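Proteins get letters first, then strands, A, B, ... in listed order; numbering begins at 1 in each. It should be emphasised that the depicted structure is a prediction, and the values quoted were computed from it without experimental measurement.
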Amino acid sequence: MNIAVCLKQVPGTTKVEIDPQTNTLVRQGIENIVNPFDTYALEEGVRLRERYGGKVTAISMGPPQAEAILRDALATGADEAVLLSDAAFAGADTWATAYTLSRAVDKLGPCDIVICGRQTIDGDTGQVGPELAEILGFTFVSYVSQVEEIDGEHMRLKRLMGERYEILEALLPAVITVVKEINTPRLPSLRGMAKAKSATIPVWGAEELEVDGNKIGLTGSATRVIKVFFPQRTQRAEILEGELPGQVDYLIDRLREANLI
Amino acid sequence: MGLLIDLDKCIGCGQCIEFCPFGALEMVGGKVEVREGCTLCGACLDSCAYEALIIEELEATPAADESYRGVWVFAETKDGEFSRVAYELLSEGRKLADARQSELGAVCLGHDIGAVDSLIAGGADRVCVVDSPALADFPEDLCARKLAEVILEYKPEIVLAGATALGRSFIPRVAAILGTGLTADCTGLEIDPETGLLMQTRPTFGGNLMATIICPGKRPQMSTVRPRVFKPDAPDQTRKGGVIRLDFNSEGVTSRTKLLSFVEDLAETVKLEDADVIVAGGRGLEKPENFAMLEELAGALGAAVGSSRPPVDEGWVPYPRQVGQTGKTVCPKLYIACGISGAVQHLAGMQTADVIVAINDDPAAPIFEVATYGIIGDLFKVVPMLIDRLKNG
Ligand SMILES: Cc1cc2nc3c(=O)[nH]c(=O)nc-3n(C[C@H](O)[C@H](O)[C@H](O)COP(=O)(O)OP(=O)(O)OC[C@H]3O[C@@H](n4cnc5c(N)ncnc54)[C@H](O)[C@@H]3O)c2cc1C
Ligand SMILES: Nc1ncnc2c1ncn2[C@@H]1O[C@H](COP(=O)(O)O)[C@@H](O)[C@H]1O
């Protein structure tokens, strides 16, 4: 079983806040982390290898410092890792990202399963997985919460589709995106950390991937960001005053007046 | 191509460094330099009072195919009925179509699709229906291919779809087949009067930033929109429209996935998205048992119970109850937030509610910035009092 897991390095957004006075981002000690949803993707890849044998390759497209998350992936069970990094990849939208990732999957050789996170916390689109599947011509199943069985050419999956759980049979090769119910990611092992420390992680650029230059980075992106701004919040609550019972009565009166209750 | 710093204009004030969400700008020898982390997001551009930052445009964006005209809405069905988001999109699509002086269409795929009059009453000039037994379980691969094929035939210049579980999974594949751009989770759509392009605004970066995105060179321009972001128009039964029924040739095509079975998640009694009143609890509820108190309040109000993320993470309530960036977007008439601080990721899912009541013992909680009424106090005192007054008049 050849498994590829796609991981993205993202800024640890929980630490990003807006300074209400200056309306700027407060970035104190903002550190880059692996996209939280992708840790479930990696864990599932490793578990599938433990069940069915084979190899797990972690792939990330990003700036050189994204190597850090690949090293973590090696420490937590990935067999190999490859970084897709090239100045020409900058500014890629989801399609150009999916295209670049697809070139790497092709270059890695025969692949049975590609696992992606459900969405990233910075771009937050969830589009890369399905687009990647379409470009590769693989089966696609989103929101997988359990890989029940892999049997020859098929796998049986459980997925959380809105309000319902579905059991699907999917033909391999396939791209799946996973939700966090699927597993609990393990911590790095000592052996893994030792291995990760000394591993060399190959870096593939536009040349190694033999990409079409018109399909990568900003050039290959159909979408353009033309403006970025801070959301405005103006409304201030009417803070109720007086004794608590009086506040509650006042509130109920207002809500009744407005026909809300 | 890339982010450039005009060294003549840069005075080295460092203002832009604070603005970069990716930490990709750095001060080197009194001037700002761009590091590898730059994603060309553009957040820094407006921060520079000296206009020293520029994103170098591509030499030429290829012109879009002008033969594409009209706005289309993908009308998702659930249990044989069109989802509410279809009508929300029709009302917004109507405005866009009018601004472009073009037609509004709706397209639906599936099996045993009944009357489509409601889509016409909702604003559509024309409805395309692809109905086939082969599409009964909505095999996403076959549906994506068919929808792409229909789009290539009818050439709408804009295609809108709901950012539902299905829309988020299925529409990106349609966009990939068509090789066009797709903007996820838009909260604002507008036609640029000068260029006629669709300006798609969406929260990014966990709701900390808003980005406006265009798709200048490819057609159609595609967006997904979260349910409850736009309001549906009141249906107009007098509207007239055409219906086109299209064939689906299922010979020799089989889906790569097969639906074997499904179970509805029974935890959901009142669907959160459809509720007019929502009572939501956060970490302030402290333990799962306390959600019973919210259930009681909800019962007295005929409301559904929602939650912020921590109660879901802790396993107090199931995931379908989560409101926010990674949960549901709701827009009830009344949202009562109990013990919720109001993190941007939570606000992203509920701040468009008509009336918001916040109950929190921390006067500095950001939830009070979006609330209509705020009670600063202990929810364990306030909520029982509310229940008592509602029940006993
Ligand atoms: C990528 C990402 C996605 C996310 N998606 C979501 C999402 O979809 N939805 C979501 O909700 N969050 C989401 N979050 C998490 C979000 O950042 C916050 O951590 C979360 O919303 C906080 O939940 P809370 O308000 O319940 O808890 P807290 O922030 O801990 O707030 C609890 C509040 O309760 C008050 N309180 C405590 N006890 C009482 C009492 N007895 N009476 C009255 N008030 C009391 C406290 O003063 C406090 O304000 C996301 C985060 C990230 C990074
Ligand atoms: N630059 C990237 N490198 C590797 N994987 C990525 C990258 N961007 C997105 N992905 C994968 O695609 C998923 C969805 O990303 P997104 O569409 O950005 O929300 C992520 O959870 C990752 O698994």
Considering only heavy atoms and a distance below 4.5 Å, find which of [options] pairs most often with chain B.
options: A:A66, A:A96, A:P173, A:A174; result: A:P173
options: A:L251, A:D93, A:N259; result: A:L251
options: A:R118, A:R256, A:M161, A:K180; result: A:M161
options: A:Q127, A:K158, A:Q247; result: A:Q127
options: A:L255, A:V141, A:V128; result: A:L255
options: A:I135, A:D249, A:T120; result: A:D249

Is [X] close to chain B through its backbone or its side chain, or both, or neither, when contacts mean heavy atoms under 4.5 Å?
X: A:Q119; result: side chain
X: A:F140; result: both
X: A:I252; result: side chain

Interatomic distance, [X] atom [atom1] to [Y] atom [atom2] [nearest 0.5 angstrom]:
X: A:I150; Y: A:R156; atom1: CD1; atom2: CZ; value: 11.5 Å
X: B:L45; Y: A:I226; atom1: CG; atom2: CD1; value: 11.5 Å
X: A:S142; Y: A:I176; atom1: OG; atom2: CD1; value: 10.5 Å

Counting heavy-atom pairs closer than 4.5 Å to chain A, which one of [options] comes out on top?
options: B:P363, B:G181, B:A184; result: B:A184
options: B:V357, B:I214, B:I376, B:L334; result: B:I214
options: B:A358, B:A211, B:S169; result: B:S169
options: B:Q200, B:K333, B:R202; result: B:R202
options: B:A300, B:A144, B:A176; result: B:A176
options: B:T180, B:V277, B:L182; result: B:L182

Which atoms of [X] approach chain A - backbone, side chain, both or neither, heavy atom under 4.5 Å:
X: B:L301; value: side chain
X: B:I359; value: neither
X: B:S255; value: neither
X: B:D141; value: neither

When you compare the side chain of A:P245 with that of B:R389, does any pair of heavy atoms fall below 4.5 Å? yes
Set out, in order, the CA-CA distance, both residues' side-chain angles and the distance that settles side chain to side chain contact (heavy atoms under 4.5 Å, CB included) for A:V203 and A:D86, then state yes or no. CA-CA 9 Å; A:V203 180; A:D86 194 313; over 6 Å; no
Between A:R164 and A:E166, does any NZ, NE, NH1 or NH2 come within less than 4.0 Å of an OD or OE carboxylate oxygen? yes
Parallel, tilted or perpendicular: ring planes of A:W95 versus A:Y99, cut at 30 and 60 degrees: parallel
Does any donor atom in the side chain of A:D124 or B:Q325 lie under 3.5 Å from an acceptor atom in the other side chain? yes
Would you check if there is a donor-acceptor pair between the side chains of A:E181 and A:Y165 at a distance under 3.5 Å? no
Does NZ or CZ of B:R173 come closer than 6.0 Å to the centre of the six-membered ring of B:F170, within 45° of the ring's axis? no
Quick one: does B:T372's side chain have a donor or acceptor within less than 3.5 Å of a partner on B:I356's backbone? yes
Contacts of A:F138 that satisfy ring-ring contact (aromatic ring centres under 6.0 Å, His included) - sequence neighbours left out: none
